[in-house]
Structures are given as structure tokens and as C-alpha cells.
Visitor: 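To start, I am sharing the structure in question, which I have written as C-alpha cells.
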Amino acid sequence: MEEPEMQLKGKKVTDKFTESVYVLANEPSVALYRLQEHVRRSLPDLAQHKADMQRWEEQSQGAIYTVEYACSAVKNLVDSSVYFRSVEGLLKQAISIRDHMNATAQGHSPEELPPPSSA
């Protein structure tokens, strides 16, 4: 082979090698730059989305607490029906005694009155 032809082939090889090294050296920088661009563009939206999600979670927790509290109150109300029946019976008995006392105070003899009802 001739010397000029060999020099041309050598120059082509070194140029390709230099180009490859240049691309390899700059590729990570370009990738990081693109990544940084993406983060700058999307970060405000992501931060807003996170804040919205936290606010919705707090509202949901509040609603869950309210519902649980209401369910507990209803359950306690159902469980207290025995006490309500007892109070109702005592009120009926008190009304009967009051009526009996009013009738006695108006001059009726106790024998003329029906006995107070017992609930």
C-alpha cells in the first residue's frame, strides 16, 4: 500500500474514534440535562398534586371519623332501648300517681279512685 492511502485510512480511523469518544463523553451530560429539564417542568405539577392528595386524605380521614362516630352513637342508641323502655314505664307510673294524687286533692276518697297503675 502506498503511504498517502495509509495516512488517509489512519486519519479516517482516528476521526471516527475521536467522534465516538466525544459522543460517549457528552452523552451522559445530555441525558442529565434532559432529565433536569423534565424535572423542572414536571415538579411544580407533581408538588401541587401531592398537596391535593394530602388535603383529600385529611378530608377523607375527617369524614371517616364522623361516620364511625355516628355509627357508634346509633349503636349506643339501639343498645339503650332497654333503658328507654324502663324510663317510659316509670313516667307512666309517675303520671298515674300524679293523677291519683290530683283526684285525692279534689276531694275524692281513696276508695272511689282506681289504684295507680303499675307499669
Side-chain angles (χ1 to χ4, degrees):
M1 262 201 213
E2 294 179 21
E3 175 98 15
E5 189 178 328
M6 186 63 111
Q7 284 180 353
L8 183 62
K9 286 185 179 183
K11 183 169 175 17
K12 281 184 180 178
V13 167
T14 56
D15 286 348
K16 287 290 186 183
F17 182 75
T18 303
E19 183 182 338
S20 295
V21 168
Y22 178 78
V23 168
L24 287 173
N26 286 321
E27 188 61 31
S29 297
V30 171
L32 290 174
Y33 175 76
R34 296 288 184 219
L35 185 61
Q36 182 183 16
E37 273 186 333
H38 174 72
V39 168
R40 273 194 198 158
R41 263 187 276 119
S42 62
L43 189 63
D45 291 337
L46 289 174
Q48 182 62 45
H49 185 68
K50 179 183 176 184
D52 291 343
M53 293 298 288
Q54 287 173 332
R55 190 176 65 250
W56 294 336
E57 180 186 15
E58 289 171 7
Q59 290 173 348
S60 298
Q61 290 297 327
I64 289 169
Y65 175 78
T66 301
V67 168
E68 287 175 348
Y69 185 75
C71 288
S72 172
V74 168
K75 182 183 180 305
N76 290 337
L77 204 64
V78 169
D79 292 344
S80 65
S81 63
V82 171
Y83 302 109
F84 283 122
R85 283 194 294 275
S86 174
V87 168
E88 180 185 25
L90 291 171
L91 284 172
K92 285 181 182 179
Q93 186 178 7
I95 290 170
S96 175
I97 291 171
R98 182 204 61 194
D99 291 344
H100 188 73
M101 289 173 69
N102 284 342
T104 304
Q106 291 177 358
H108 299 291
S109 66
E111 293 83 29
E112 298 173 6
L113 297 173
S117 65
S118 59

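In what follows, residues are counted from 1 in the order of the sequence shown.
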Visitor: Any sub-3.5 Å donor-acceptor pair from T104's side-chain atoms to H100's backbone N or O?
Guide: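 Yes; at least one donor-acceptor contact below 3.5 Å.
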Visitor: Residues in side chain to side chain donor-acceptor pair (under 3.5 Å) with R55, at least two apart?
Guide: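 R55 satisfies side chain to side chain donor-acceptor pair (under 3.5 Å) with D52 once adjacent residues are dropped.
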Visitor: Measuring only between side-chain heavy atoms, which start at C-beta, is K16 closer than 4.5 Å to V13?
Guide: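 Side chain of K16 against side chain of V13, heavy atoms only: no contact under 4.5 Å found.
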Visitor: Going by the rule side chain to side chain donor-acceptor pair (under 3.5 Å), which residues pair with R40 if we only count those two or more places apart in sequence or in a different chain?
Guide: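 Applying side chain to side chain donor-acceptor pair (under 3.5 Å) to R40 gives none.
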Visitor: Look up atom CZ in R98 and atom CG in N102, then write down how far apart they are to the nearest 0.5 Å.
Guide: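 One gets 6.0 Å once the value is rounded to the nearest 0.5 Å.
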Visitor: For residues 59-73, which residue pairs pass the salt bridge (charged side-chain N to carboxylate O under 4.0 Å, His left out) check, not counting sequence neighbours?
Guide: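 Qualifying pairs: none.
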Visitor: What residues form a side chain to side chain donor-acceptor pair (under 3.5 Å) with Y65, not counting sequence neighbours?
Guide: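 With neighbours one apart ignored, the set is empty.
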Visitor: Hey, what else clusters with M53 if you join Ile, Leu, Val, Met, Phe, Trp, Tyr whenever side-chain heavy atoms sit under 4.5 Å?
Guide: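 W56, all in the cluster of M53.
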Visitor: Taking only residues two or more places apart in sequence, or in another chain, which ones meet Q54 in a side-chain contact (heavy atoms from CB on, under 4.5 Å)?
Guide: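 Checked Q54 against side-chain contact (heavy atoms from CB on, under 4.5 Å); matches are K50.
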Visitor: Considering only Ile, Leu, Val, Met, Phe, Trp and Tyr, and joining two whenever side-chain heavy atoms are under 4.5 Å apart, list the other residues clustered with L91.
Guide: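 Besides L91, the cluster holds V87.
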Visitor: How long is the span from the OG1 atom in T66 to the CD atom in Q61, to the nearest 0.5 Å?
Guide: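 These two atoms lie 11.0 Å from each other.
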Visitor: Residues two or more places apart in sequence or in another chain: which of them pass salt bridge (Lys or Arg N to Asp or Glu O under 4.0 Å) with K12?
Guide: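 With neighbours one apart ignored, the set is empty.
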Visitor: Would you be so kind as to tabulate the donor-acceptor pairs closer than 3.5 Å made by side chains of residues 32-39, with sequence neighbours excluded?
Guide:
unit_1 : atom_1 : unit_2 : atom_2 : d
Y33    : OH     : E37    : OE2    : 3.2
R34    : NH1    : E37    : OE1    : 3.3

Visitor: Looking at residues at least two apart in the chain, or sitting in another chain, which of them share a side chain to side chain donor-acceptor pair (under 3.5 Å) with N76?
Guide: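 By the side chain to side chain donor-acceptor pair (under 3.5 Å) rule, N76 matches no residue at all.
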Visitor: What residue pairs, at least two apart or across chains, pass side-chain hydrogen bond (donor to acceptor under 3.5 Å, both in side chains) with a residue in residues 77-87?
Guide: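 Every side-chain hydrogen bond (donor to acceptor under 3.5 Å, both in side chains) pair that includes a residue of residues 77-87, provided the two are not neighbours, is K75-D79.
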Visitor: So which residues get pulled into F17's cluster when ILVMFWY side chains under 4.5 Å apart are joined, directly or through others?
Guide: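 V21, which link up through side-chain heavy atoms under 4.5 Å apart, make up the rest of the cluster.
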